[in-house]
Student: 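Sharing a structure with you now.
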Amino acid sequence: MAKKLLAGILVIIMVAALAVTASAEAVNYSQNWNNGKGTSSITHGSAAGNFSASWSRSSDGFNCVIGRGWNPGKTNRAVGYNVGSYSLNPSGTGCSYISLYGWTLNSLVEYYVVEMWINYRPVEGSRIGTCSSDGGSYDIYKHQQVNQPSISGTQTFWQIFSVRTSQASKNSNNKITFSNHVNAWRNAGFNLGSTHNYQMMAVEGYNSSGSANLTVWDA
């Protein structure tokens with residue numbers, strides 16, 4: 001009886017492992033964007049989902065977004081990530097943050113789940129609520145962009161932010177259950193659009209020069 005029971009348990013474990021493997025979605029999207037007032041680059045590492053980002057400011061108003069993730073995104077994705085290194089050089093110039101970042105259409109929304117930052121904790125617009133998820137506490141802000149660049153050209157659109165009250169840790173495996181944030185935004189009176197565009201762990205630089213190394217996966 002013991003041998004039969006053990007064999008049955010092993011089969012269940014193997015089936016469960018196969019189910020997890022089948023449900024995971026490979027990181028299939030990467031981005032290296034800047035507004036032309038500096039330079040930026042992305043290098044894919046040998047490990048799945050790993051990338052190095054670097055950026056350098058050449059004039060005031062420099063902005064860059066560098067990341068890896070999925071296209072399209074989805075509401076019920078759980079994102080795993082590990083930040084191996086993250087710094088600005090020189091440390092006191094400009095700012096940067098790392099977030100789960102993406103867009104929806106119908107309606108056009110730019111969203112952020114901010115996990116880490118340097119020199120500035122991103123607080124944009126009006127605070128409309130809070131969210132608790134994956135061991136972290138977040139403040140929720142919404143902000144309207146008027147006639148600004150977007151994935152649909154120059155538009156007026158809303159941004160929604162979940163911003164950690166204390167930063168996530170470097171060199172540790174962290175998790176973002178995105179649906180928790182979507183539900184908290186909805187409870188605060190804010191809805192994403194009905195169609196997802198890309199979704200990624202992104203490093204953003206503002207009037208700064210720096211570098212980061214991240215690994216991202218479908219958790």
Side-chain angles (χ1 to χ4, degrees), residues 29 31 33 35 61 63-67 69-81 83 86 94-169 174-208 214 216 218-219:
Y29 178 80
Q31 182 180 122
W33 174 89
N35 65 357
N63 177 209
C64 66
V65 182
I66 309 162
W70 303 265
N71 193 2
K74 63 182 183 181
T75 297
N76 63 347
R77 171 165 284 119
V79 176
Y81 73 94
V83 178
Y86 180 39
C95 62
S96 172
Y97 51 89
I98 293 175
S99 60
L100 178 64
Y101 171 75
W103 291 83
T104 64
L105 299 166
N106 304 314
S107 58
L108 183 65
V109 175
E110 184 179 30
Y111 63 80
Y112 298 80
V113 179
V114 182
E115 298 288 290
M116 300 178 69
W117 57 88
I118 300 175
N119 292 343
Y120 172 65
R121 179 176 177 257
V123 176
E124 304 289 341
S126 303
R127 184 177 181 275
I128 61 171
T130 61
C131 176
S132 296
S133 181
D134 302 299
S137 297
Y138 299 77
D139 293 320
I140 300 172
Y141 298 86
K142 72 173 183 179
H143 176 257
Q144 190 174 45
Q145 292 280 70
V146 179
N147 295 327
Q148 295 297 316
S150 79
I151 58 171
S152 297
T154 300
Q155 298 283 342
T156 295
F157 56 93
W158 285 99
Q159 298 173 312
I160 186 75
F161 296 81
S162 284
V163 185
R164 268 185 173 265
T165 57
S166 60
Q167 300 197 54
S169 299
N174 300 299
K175 183 178 179 180
I176 300 170
T177 303
F178 185 52
S179 60
N180 291 345
H181 296 272
V182 175
N183 290 335
W185 297 342
R186 184 182 299 115
N187 291 337
F190 187 96
N191 292 305
L192 295 178
S194 61
T195 305
H196 278 275
N197 200 269
Y198 66 80
Q199 179 179 60
M200 64 183 185
M201 287 302 298
V203 185
E204 302 201 25
Y206 297 90
N207 283 334
S208 64
L214 284 78
V216 55
D218 191 314

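If you read the sequence from its start, that first residue is 1, and numbering goes on from there.
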Student: Heavy atoms, side chains only, cut-off 4.5 Å: are His181 and Ile160 in contact?
Tutor: no
Student: How far does CG of Asn191 sit from CH2 of Trp185, to the nearest 0.5 angstrom?
Tutor: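 Spacing of CG (Asn191) from CH2 (Trp185) equals 11.0 Å.
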Student: Looking at Ser137, is its backbone amide N or carbonyl O close enough to the side chain of Ser132 to form a donor-acceptor pair, meaning the two atoms are under 3.5 Å apart?
Tutor: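 Flag not set: sc Ser132 to bb Ser137 has no pair under 3.5 Å.
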Student: Show the nearest heavy-atom pair for residues Ala78 and Lys175, with the distance to one decimal.
Tutor: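 What the structure gives for the nearest pair is CB-CE, 3.7 Å.
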Student: Looking at every heavy atom in both Tyr141 and Gly125, which two are closest together, and how far apart are they?
Tutor: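 Heavy atoms of Tyr141 and Gly125 come nearest at CD2-O, 4.2 Å.
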Student: Heavy atoms, side chains only, cut-off 4.5 Å: are Trp103 and Leu108 in contact?
Tutor: yes
Student: Tell me which one of Tyr101, Trp70, Tyr111 satisfies side-chain hydrogen bond (donor to acceptor under 3.5 Å, both in side chains) with Gln199.
Tutor: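 Result for side-chain hydrogen bond (donor to acceptor under 3.5 Å, both in side chains) with Gln199: Tyr111.
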Student: Say whether, by atom type as modelled, one donor and one acceptor occur between the side chain of Ser96 and the main chain of Glu204 under 3.5 angstrom.
Tutor: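 Yes, the answer is positive, given that a donor and an acceptor are paired below the 3.5 Å cut-off.
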Student: Using side-chain heavy atoms (C-beta onward) and a distance below 4.5 Å, is Leu100 in contact with Tyr81?
Tutor: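 No, side chains not in contact.
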Student: Grab the two heavy atoms, one from Tyr138 and one from Ser133, that are nearest each other, plus how far apart they are.
Tutor: CE1-O, 3.8 Å
Student: Kindly say whether the aromatic ring centers of Tyr97 and Tyr206 come within a distance under 6.0 Å.
Tutor: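 Yes, close enough.
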Student: With no hydrogens and no angle check, is any side-chain donor or acceptor of Arg121 less than 3.5 Å from a backbone partner on Arg164?
Tutor: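 Between the backbone of Arg164 and the side chain of Arg121 there is a qualifying donor-acceptor contact (under 3.5 Å).
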Student: Can you name the closest pair of heavy atoms from Cys95 and Ser208 and give their distance?
Tutor: O-OG, 3.1 Å
Student: Hey, are the side chains of Tyr29 and Gln31 touching, using non-hydrogen atoms and a 4.5 Å cut-off?
Tutor: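 In contact.
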Student: Which distance, rounded to the nearest 0.5 Å, do you find between the CG of Leu192 and the OG1 of Thr75?
Tutor: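 Spacing of CG (Leu192) from OG1 (Thr75) equals 6.0 Å.
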Student: To the nearest 0.5 Å, what is the distance between CD on Glu115 and CG on Asn174?
Tutor: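 Glu115 atom CD to Asn174 atom CG measures 6.5 Å (nearest 0.5 Å).
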Student: If only atom types and distance count, is the side chain of Thr104 paired as donor or acceptor with the main-chain N or O of Gly193 below 3.5 Å?
Tutor: yes
Student: Is the closest side-chain heavy-atom distance between Phe178 and Lys74 below 4.5 Å?
Tutor: no
Student: Given 3.5 Å as the limit, does a donor-acceptor pair link the side chain of Gln167 with the main chain of Trp117, or not?
Tutor: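 Present.
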Student: To the nearest 0.5 Å, tell me how far Cys64 SG sits from Trp33 CH2.
Tutor: 8.0 Å
Student: Looking at Lys142, Glu110, Glu124, which one forms a side-chain hydrogen bond (donor to acceptor under 3.5 Å, both in side chains) with Gln159?
Tutor: Glu110
Student: How many angstroms lie between CD1 in Ile140 and CZ in Phe190, if you round to the nearest 0.5 Å?
Tutor: 10.5 Å
Student: Within the side chain of Asn35, is there an N or O that forms a donor-acceptor pair under 3.5 Å with the backbone of Asn63?
Tutor: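 It does hold such a pair.
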Student: Give, for atom OG1 of Thr156 and atom CD of Gln148, the distance between the pair rounded to the nearest 0.5 Å.
Tutor: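 It comes to 8.0 Å.
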Student: Do Ser179 and Asn76 get their side chains close enough for a donor-acceptor pair, meaning under 3.5 Å?
Tutor: no
Student: Determine yes or no for a side-chain-to-main-chain donor-acceptor pair under 3.5 angstrom, with Gln155 supplying the side chain and Ser152 the backbone.
Tutor: yes
Student: Please answer whether the main-chain N or O of Asp139 pairs with a side-chain N or O of Thr130 as donor and acceptor at a distance below 3.5 Å.
Tutor: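 A pair under 3.5 Å: no.
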Student: Can you check whether Asn106's main-chain N or O pairs, donor with acceptor, with Ser194's side chain at less than 3.5 Å?
Tutor: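 Indeed, once roles are kept as given, a pair shorter than 3.5 Å links the two residues.
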